[in-house]
Amino acid sequence: MSAVEDVRAVLRGEIVAQYQPGDFLPNERELAERFGVARNTIRETMIHLEAFGLIEKTKRGARVREVDFDPVFQIFAQHFDASPDRLEDVLNFRRMTETGAAHFAVRHVDDAVLARMVEANDRMASAVTVAQAAAHDYDFHLGLVEAARNDTLLRMYRVMAVTLRFYLEIGKSQHLDTQTAHAQHARIIAALAGRDHAGLCNALHDHFDHSGLVLAANRQTIPQPAADTRLAD
């Protein structure tokens with residue numbers, strides 16, 4: 001590891017464990033003396049910590065920020081491609097996270113979230129284009145994540161919106177697949193509204209199983225994202 005990486009690792013751990021938002025780190029001279037490095041090394045370290053959203057630079061020095069995961073997730077999302085294997089990974093990621101979130105969603109869901117999920121599902125079914133249907137499908141699943149009230153998971157889903165919407169477009173090229181998804185979504189909503197954890201997990205598993213079949217059927221003809229084509233009749 002480089003000197004910058006060494007210092008960054010130590011300071012990142014200390015910021016998380018010992019500092020509160022608004023606290024100031026020691027100045028560059030003090031940090032350079034502590035770690036036995038040049039002040040340029042400390043300056044570069046501060047640039048990295050700022051990029052990760054851990055600190056912000058002020059006239060008084062480096063101040064600890066409220067934790068913000070968005071910069072990390074944005075870097076993470078850039079590494080997704082549109083290959084069939086990657087899209088299968090995305091599907092399984094969604095299966096694991098959404099079924100995992102189900103336990104919390106049935107405990108915390110409220111009428112406002114349920115109403116947004118119903119609206120998103122109906123808009124998906126009546127969408128004219130593939131991109132519109134995929135966007136509303138994404139909004140539906142975002143509602144389930146929102147119901148779990150886990151800010152980290154919710155931020156990750158929002159940062160990954162482009163990747164997730166592209167995946168969802170694959171199942172929207174056929175009208176029948178969209179109608180099947182609409183019916184499965186309605187079953188998910190019913191289980192969520194009834195605070196039925198087992199029923200919700202079963203509905204989600206069936207939904208993702210169907211999505212897996214759609215992905216497998218389209219594996220050889222997966223389109224590249226861009227065109228906002230109309231749904232097949």
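Not measured: the values here are computed from a predicted model.
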- request: Dump the intermediate steps for side chain to side chain contact (heavy atoms under 4.5 Å, CB included) on Met156 and Val145, then the final yes or no.
  value: CA-CA 10 Å; Met156 182 164 57; Val145 172; over 6 Å; no
Sidechain-backbone polar pair: Arg8 side chain, Ala3 backbone, donor-acceptor under 3.5 Å: no
message: Any heavy-atom pair between the side chains of Leu200 and Thr99 that's under 4.5 Å?
response: no
- prompt: Would you say the side chain of Leu164 lies within less than 4.5 Å of the side chain of Arg158, judging by non-hydrogen atoms?
  reply: no
message: I'd like to know if Arg34 and Glu30 make a salt bridge, using a cut-off of under 4.0 Å between side-chain N and carboxylate O.
response: no
- prompt: Nearest heavy-atom pair of Ala101 and Leu153: which atoms, and what distance?
  reply: CB-CD2, 4.1 Å
query: Below 4.5 Å, heavy atoms only, C-beta onward: do Leu31 and Val7 meet side chain to side chain?
result: no
message: How long is the straight-line distance from CD1 of Ile55 back to CZ of Arg12, given to the nearest 0.5 Å?
response: 12.5 Å
query: So Tyr157 and Arg94, side chain to side chain contact (heavy atoms under 4.5 Å, CB included) or not? Walk me through it.
result: CA-CA 9 Å; Tyr157 258 61; Arg94 293 179 57 231; 3.8 Å; yes
field: Between CG on residue Leu91 and CG on residue Asp209, distance to nearest 0.5 Å
entry: 9.0 Å
- prompt: Any donor-acceptor pair under 3.5 Å linking the side chain of Glu98 with the backbone of Arg95?
  reply: no
field: Spatial distance of atom CG (Asn92) from atom OG1 (Thr97) [nearest 0.5 Å]
entry: 10.5 Å
- request: Answer yes or no on whether Arg60 is positioned over the face of Phe24, meaning its NZ or CZ is under 6.0 Å from the six-membered ring centre and within 45° of the axis.
  value: yes
- prompt: Can you pull the side-chain hydrogen bond (donor to acceptor under 3.5 Å, both in side chains) pairs that have at least one residue in residues 103-117, sequence neighbours excluded?
  reply: His103-Arg107, Arg116-Glu146
- request: Could you pull out all residues at least two apart from Arg63 that satisfy salt bridge (charged side-chain N to carboxylate O under 4.0 Å, His left out)?
  value: Glu56
message: As an exercise, state the distance from CG of Leu49 to CG of Leu54, rounded to the nearest 0.5 Å.
response: 6.0 Å
- request: Could you tell me whether Asp206 and Arg187 make a salt bridge, using a distance below 4.0 angstrom between a side-chain N and a carboxylate O?
  value: yes
query: Does any non-hydrogen side-chain atom of Leu192 lie less than 4.5 Å from one of Met117?
result: yes
statement: Quick note, ring-ring contact (aromatic ring centres under 6.0 Å, His included) partners involving residues 126-155, not counting sequence neighbours, are Phe140-His185, His141-His185, His141-His207
- prompt: Is the closest side-chain heavy-atom distance between Asn150 and Phe104 below 4.5 Å?
  reply: no
task: Check whether any side-chain heavy atom of Val113 sits under 4.5 Å from a side-chain heavy atom of Val109, and report yes or no.
output: yes
task: Can you measure from OG1 (Thr45) to CG (Leu25) and round to the nearest 0.5 angstrom?
output: 11.0 Å
field: Leu11/Met46 under side chain to side chain contact (heavy atoms under 4.5 Å, CB included): CA gap, chis, key distance, verdict
entry: CA-CA 10 Å; Leu11 289 179; Met46 293 299 145; 3.8 Å; yes
query: Would a distance-only check, ignoring hydrogens and angles, find a side-chain to backbone donor-acceptor pair under 3.5 Å from Asp23 to Val64?
result: no
- request: Using a strict cut-off of less than 4.0 Å between a Lys/Arg side-chain nitrogen and an Asp/Glu carboxylate oxygen, indicate whether Arg123 and Asp139 qualify as a salt bridge.
  value: no
- request: Working to the nearest 0.5 Å, report the span between CG of Asp137 and OG of Ser211.
  value: 7.5 Å
